[in-house]
Amino acid sequence: MKLKSILIGAVLVAAASAPQASACSRILYVGDTTATANDQLRIVGRSLDWATPIPTNIYVYPRGMHKVGNTTPGSIEWTSKYGAVYAVSYDGGITEGMNEKGLVINGLFCRGTVYDNEATLKLPGMSLAMFVGWLLDMNATTDEVVAVLREHNFNISGATFDGGTVSALHWGITDPTGACAVLEFDHGDVKVYTGQDLPALTNDPDFPAMNAINDYWVKVGGENFLPGTVKSPDRYARGYFFQGHVEHTNDADLGLTIIRTILFNVSVPYKYTVSTEKNVSSTQWRSFANLRDRLYYFDLVTNRGIYYIDLKTLDLYPGAPVLKLVTTDYPDFSGCINSHLKQSHPFTPMY
């Protein structure tokens with residue numbers, strides 16, 4: 001895995017620590033590399049893990065919508081260039097999403113994240129609730145997102161939730177070509193690690209330290225032994241190993257089956273408890289973004305079915321309505337759920 005570290009003088013507001021055992025996992029499945037670029041399959045699978053339920057609904061936004069990044073004077077404003085599907089937690093903040101160009105951005109918890117410093121506080125405001133949406137709305141590729149971060153013309157802040165927690169996050173970014181970036185925030189500096197088809201991302205420690213830990217497990221060899229706990233480095237090692245030792249196909253259905261089973265292996269069982277870890281997080285939901293075919297699958301663990309949104313067949317023209325899916329309303333549904341999307345007001349950001 002080739003990594004290039006780019007230090008970007010950036011932006012953002014101080015974050016309280018996440019619960020003691022917060023967890024999320026992102027694994028990239030790559031299809032048959034002998035196929036043409038347009039035919040090669042890539043699916044980003046991620047789990048959202050938290051100690052208490054995080055209600056999450058699906059929104060589809062069209063192009064041409066005017067938005068603001070925060071309520072503070074001088075905050076960033078934009079008119080969206082691309083339509084996108086967002087997973088919105090608490091109906092107040094975008095956790096992740098995929099735009100119509102196949103760009104995917106996933107937010108995962110990372111303890112120790114600190115977003116701001118004295119130099120960032122006077123920059124234009126950007127709420128964590130809108131950050132992912134801004135990047136998806138205005139960029140078609142991973143390289144474009146990294147260029148925006150190089151400008152570092154924003155200051156991120158975020159409302160508290162779940163009893164006073166401010167989201168301590170890092171982000172995985174992937175586009176249909178396999179160009180990837182991991183974004184981490186360290187006391188107002190944005191560190192960006194780029195590479196082709198970066199296979200795994202979990203939580204803390206930071207990305208370079210995590211890869212150093214994983215290098216140990218690569219040398220041990222997963223055929224001999226893999227770490228089995230729900231801790232972040234263990235989940236990273238398992239996901240990294242399995243994605244490299246499965247069939248690589250460009251068949252979308254088979255590829256989805258493969259990445260789903262890998263995500264099951266790195267997920268945390270629902271209602272899992274350990275007496276010595278009071279804040280163990282269970283997997284609340286999983287998503288699977290097929291970048292090639294623009295399919296966004298959502299798997300709420302308390303539902304009995306997995307369904308998907310087909311971005312290619314939705315009207316995302318300027319002036320089209322915002323669409324919403326309440327994920328708990330269809331516990332038995334499986335398959336394309338486009339026809340069940342309902343017109344909606346935009347969600348109200350938790351600025």
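Treat the numbers as computed from the prediction; the structure is a model and nothing was measured. This chain uses plain numbering: 1 for the first residue, then up along the sequence.
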Of the non-hydrogen atoms in [X] and [Y], which two are nearest, and what is the gap between them?
X	Y	value
A237	P227	CB-CG, 3.8 Å
G64	P318	CA-CB, 4.2 Å
P346	V322	CG-CG2, 4.1 Å
M350	S127	O-OG, 3.8 Å
M98	L136	N-CD1, 3.9 Å
R235	V230	NE-O, 2.6 Å

[X], [atom1]: over 12 other non-hydrogen atoms inside 6.0 angstrom:
X	atom1	value
H66	NE2	yes
N38	CG	no
H187	NE2	no
E223	CD	yes
K231	NZ	no

Do the side chain of [X] and the main chain of [Y] share a donor and acceptor less than 3.5 angstrom apart?
X	Y	answer
T174	C180	no
N99	N139	yes
N250	L41	yes
D175	L103	no
Y29	R260	no
E96	R46	no
Q40	A37	no
D39	A35	no
R238	L226	no
S167	L169	no

Please answer: with hydrophobic residues joined when any side-chain heavy atoms are less than 4.5 Å apart, are [X] and [Y] in the same cluster?
X	Y	answer
L135	L291	yes
I105	M130	yes
L128	Y351	yes
V218	L198	yes

Stepwise side chain to side chain donor-acceptor pair (under 3.5 Å) check, D293 with N290: CA-CA 6 Å; D293 301 324; N290 177 334; 2.9 Å; yes
Lys/Arg N to Asp/Glu carboxylate O, D137 vs K81, below 4.0 Å: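 Looking at K81 together with D137, the answer is no, because their closest N to O distance does not fall below 4.0 Å.
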[atom1]/[X] to [atom2]/[Y] distance, rounded to the nearest 0.5 angstrom?
X	Y	atom1	atom2	value
F185	D206	CZ	CG	14.0 Å
C24	N203	SG	CG	5.5 Å
S25	L108	OG	CG	7.0 Å
M65	W78	CE	CH2	10.5 Å
R294	L314	CZ	CG	13.5 Å
N106	H170	CG	NE2	10.0 Å

Trace of the side chain to side chain donor-acceptor pair (under 3.5 Å) decision for S47 with R286: CA-CA 4 Å; S47 66; R286 289 173 285 260; over 6 Å; no
CA sep, side-chain torsions, deciding dist, call: N303, T328, side chain to side chain donor-acceptor pair (under 3.5 Å): CA-CA 7 Å; N303 281 3; T328 56; over 6 Å; no
CA sep, side-chain torsions, deciding dist, call: F207, L201, side chain to side chain contact (heavy atoms under 4.5 Å, CB included): CA-CA 8 Å; F207 196 58; L201 182 66; 3.9 Å; yes
So do the side chains of [X] and [Y] get within less than 4.5 Å of each other, counting heavy atoms only?
X	Y	answer
V132	T95	no
P233	N214	no
R292	R42	no
F242	I27	no
K312	E100	no
Y193	N211	no
K324	V326	yes
F298	I58	yes

L325 and its side-chain contact (heavy atoms from CB on, under 4.5 Å) partner, picked from Y59, F333, Y307: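 By the side-chain contact (heavy atoms from CB on, under 4.5 Å) criterion, L325 pairs with just one of Y59, F333, Y307: Y307.
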Side chain to side chain donor-acceptor pair (under 3.5 Å) between S232 and D204, worked out: CA-CA 7 Å; S232 178; D204 52 277; 5.6 Å; no
Pair D234, T229: side-chain N/O donor-acceptor within cut-off below 3.5 Å: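 D234 vs T229: donor-acceptor pair found between side chains.
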Donor-acceptor pair between S287 and D299 side chains, under 3.5 angstrom: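 Per modelled atom types, S287 and D299 side chains form no pair under 3.5 Å.
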Y236 ring center near W217 ring center (under 6.0 Å):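 No, ring centres 6.0 Å or more apart.
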ring-ring contact (aromatic ring centres under 6.0 Å, His included) partners for Y297, two or more places apart: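 Checked Y297 against ring-ring contact (aromatic ring centres under 6.0 Å, His included); matches are Y308.
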Worked check of side chain to side chain contact (heavy atoms under 4.5 Å, CB included) between L183 and I173: CA-CA 8 Å; L183 281 61; I173 300 173; 3.3 Å; yes
Parallel, tilted or perpendicular, as decided by the 30° and 60° cut-offs, for the rings of F347 and Y86: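 It falls in the perpendicular class, over 60°.
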Full working for side chain to side chain contact (heavy atoms under 4.5 Å, CB included) between W171 and V182: CA-CA 6 Å; W171 289 265; V182 172; over 6 Å; no
Verdict with reasoning, I76 to V68, per side chain to side chain contact (heavy atoms under 4.5 Å, CB included): CA-CA 6 Å; I76 292 176; V68 295; over 6 Å; no
Y317: hydrophobic cluster co-members (side-chain, 4.5 Å):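 Its cluster mates, by chain and number: none.
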Residue among D49, T56, T302 satisfying side chain to side chain donor-acceptor pair (under 3.5 Å) with W285: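 With W285 as partner, side chain to side chain donor-acceptor pair (under 3.5 Å) holds for just one option, T56.
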